[in-house]
Amino acid sequence: MDELQSEDESVDAEKMLTAIGKDYKFGKPEEVSSEGDKAKVKVEITSVDVGVATTAAIAEVMPVEFATAFDEDSEKADKAMEGLMESSVLKHIKSEDTPRVTRDVTLNLKKNKDGEYKIVSDDNFKEAVLANFDKVEDIFGEDAEETEAAEDQPEQKVEVIREIAKDKKYDANPIKFNIEEISLKKVSNVAVDEQERISSVTEKEVGDEFKYLYIKSHAENTSDEDYNFQNIQEVTVFADGKQETVDSLNYDFIDYDEGEDDEYYGKVNKESEVGVIFNTPVENIEKIRLLISPSNDADYENGTEPQIVEFELK
């Protein structure tokens with residue numbers, strides 16, 4: 001367990017081994033050799049393919065990790081990522097869709113001080129418990145050079161250019177909607193893979209430095225009934241007699257937050273962050289208009305109409 005914990009700090013070893021153990025089968029051990037206080041036994045083992053489960057979890061979590069690079073609270077984001085990784089690994093280990101692997105493993109044994117044979121915690125034992133975990137280690141080995149290159153990359157930096165508004169409350173009955181922050185920001189030292197992701201999401205080419213509009217909000221359903229609420233649907237900026245509108249539901253590059261799920265099942269609340277990039281230079285923006293989503297119950301009989309709110313910059 002100690003070795004497993006050091007392999008991946010984001011997954012609790014005991015929870016992982018408990019999940020593996022619930023679907024773990026082994027045949028009758030056969031003695032291979034015995035000499036002095038050491039012995040070898042061979043045994044057929046069937047258990048979940050941990051290599052497949054872990055690589056599936058990594059693929060699932062990686063896009064979220066990119067998105068949290070823009071999170072203001074890095075410590076909170078790191079903890080959230082660890083929790084997400086743990087839940088994803090456990091989900092795939094427990095899933096019936098994850099293959100089970102049957103293999104013959106030769107285990108090394110050694111007598112303890114009481115003269116009883118105990119399994120030696122070595123690579124053979126790791127394979128007996130963590131089927132194909134070496135595939136995960138190979139992935140990280142292949143990525144070692146990329147990791148070193150990433151370490152040479154200057155740390156990404158986000159700075160506020162201008163604060164536009166804070167703590168603005170709106171009623172989308174029964175949704176209480178609070179815009180906690182609106183600001184113009186500049187990010188620098190953006191890694192190449194992150195540049196590519198953001199360019200793909202926003203359909204605007206970005207480099208290692210760019211400026212954007214940031215909106216942080218909190219929405220709470222005060223009703224016991226289920227409601228639909230899509231947060232901020234559109235953002236329009238005005239400058240030099242022109243306007244530019246961005247659909248923030250589809251072109252928000254700060255992805256994978258709670259607010260993306262527009263279903264509020266009873267009295268729940270959600271945090272949301274929006275990052276929008278414009279062709280309009282942010283220093284020229286004179287006014288910002290936000291289209292706040294309507295709220296609707298399951299039958300579209302109750303709720304509120306969309307709301308338009310504006311903020312003057314000049």
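Quick caveat, the model's predicted, so the values are computed rather than measured.
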- N-O pairing of Lys15 and Glu86 below 4.0 Å: yes
- Test item: Leu109 and Val120 side chains (from C-beta on) under 4.5 Å apart, heavy atoms: no
- Would you say the side chain of Lys211 lies within less than 4.5 Å of the side chain of Ile161, judging by non-hydrogen atoms? yes
- Item | Salt-bridge contact Arg103-Glu44 (side-chain N to carboxylate O under 4.0 Å) | no
- Does NZ or CZ of Lys185 lie under 6.0 Å from the centre of the six-membered ring of Tyr212, at an angle within 45° of the ring axis? no
- Message: A side-chain contact here means heavy atoms from C-beta on lying under 4.5 Å apart; do Asn284 and Asp240 qualify?
- Response: yes
- Query: Under 4.5 Å between any side-chain heavy atoms of Val282 and Leu213, yes or no?
  - Reply: no
- Side chains of Asn178 and Asp167: is there a donor and an acceptor less than 3.5 Å apart? yes
- So, Thr280 versus Glu244: side-chain donor-acceptor pair below 3.5 Å or not? yes
- Note on the structure: Partner of Arg100 under side chain to side chain contact (heavy atoms under 4.5 Å, CB included), picked from Val48, Val52, Asp49, is Val48
- Would you call Asp224 and Lys267 a salt bridge, taking side-chain N to carboxylate O under 4.0 Å as the test? yes
- Query: Is Glu310 paired with Arg289 through a side-chain N to carboxylate O contact shorter than 4.0 Å?
  - Reply: yes
- Task: Determine, for Asp23 against Lys25, whether the closest basic-nitrogen to carboxylate-oxygen distance falls under 4.0 angstrom.
- Result: yes
- Query: Measuring from Lys186:NZ to Glu283:CD, what's the distance to the nearest 0.5 Å?
  - Reply: 10.0 Å
- Short side-chain donor-acceptor distance under 3.5 Å, Thr245 and Glu234: no
- Determine, stepwise, if the pair Tyr24 / Ile45 fulfils side-chain contact (heavy atoms from CB on, under 4.5 Å). CA-CA 8 Å; Tyr24 190 90; Ile45 294 172; 3.5 Å; yes
- Query: Does the side chain of Glu181 pick up a donor-acceptor pair with the side chain of Ser183 at under 3.5 Å?
  - Reply: yes
- Note, Leu184 side chain near Tyr214 side chain (heavy atom, < 4.5 Å): no
- Message: Could you check whether Lys42 pairs with Glu31 (Lys NZ or Arg NE/NH1/NH2 to Asp/Glu carboxylate O, under 4.0 Å)?
- Response: no
- Query: For Thr202 and Arg197, does a side-chain donor sit closer than 3.5 Å to a side-chain acceptor?
  - Reply: no
- Indicate whether the side chain of Asn108 and that of Lys40 have a donor and an acceptor atom separated by less than 3.5 Å. yes
- Look at the rings of Phe229 and Tyr264 and say which category their plane angle falls in: under 30° parallel, 30 to 60° tilted, over 60° perpendicular. perpendicular
- Query: Cut-off 3.5 Å, side chains only: do Asn228 and Asn296 have a donor facing an acceptor?
  - Reply: no
- Message: Please identify which of these residues, Val274, Asn231, Asp252, meets the side chain to side chain contact (heavy atoms under 4.5 Å, CB included) condition with Ile215.
- Response: Val274
- Atom CG of Leu290 and atom CD of Gln233: how far apart are they, to the nearest 0.5 Å? 11.5 Å
- Pi-cation contact, Tyr117 with Lys110 (under 6.0 Å, within 45°): no
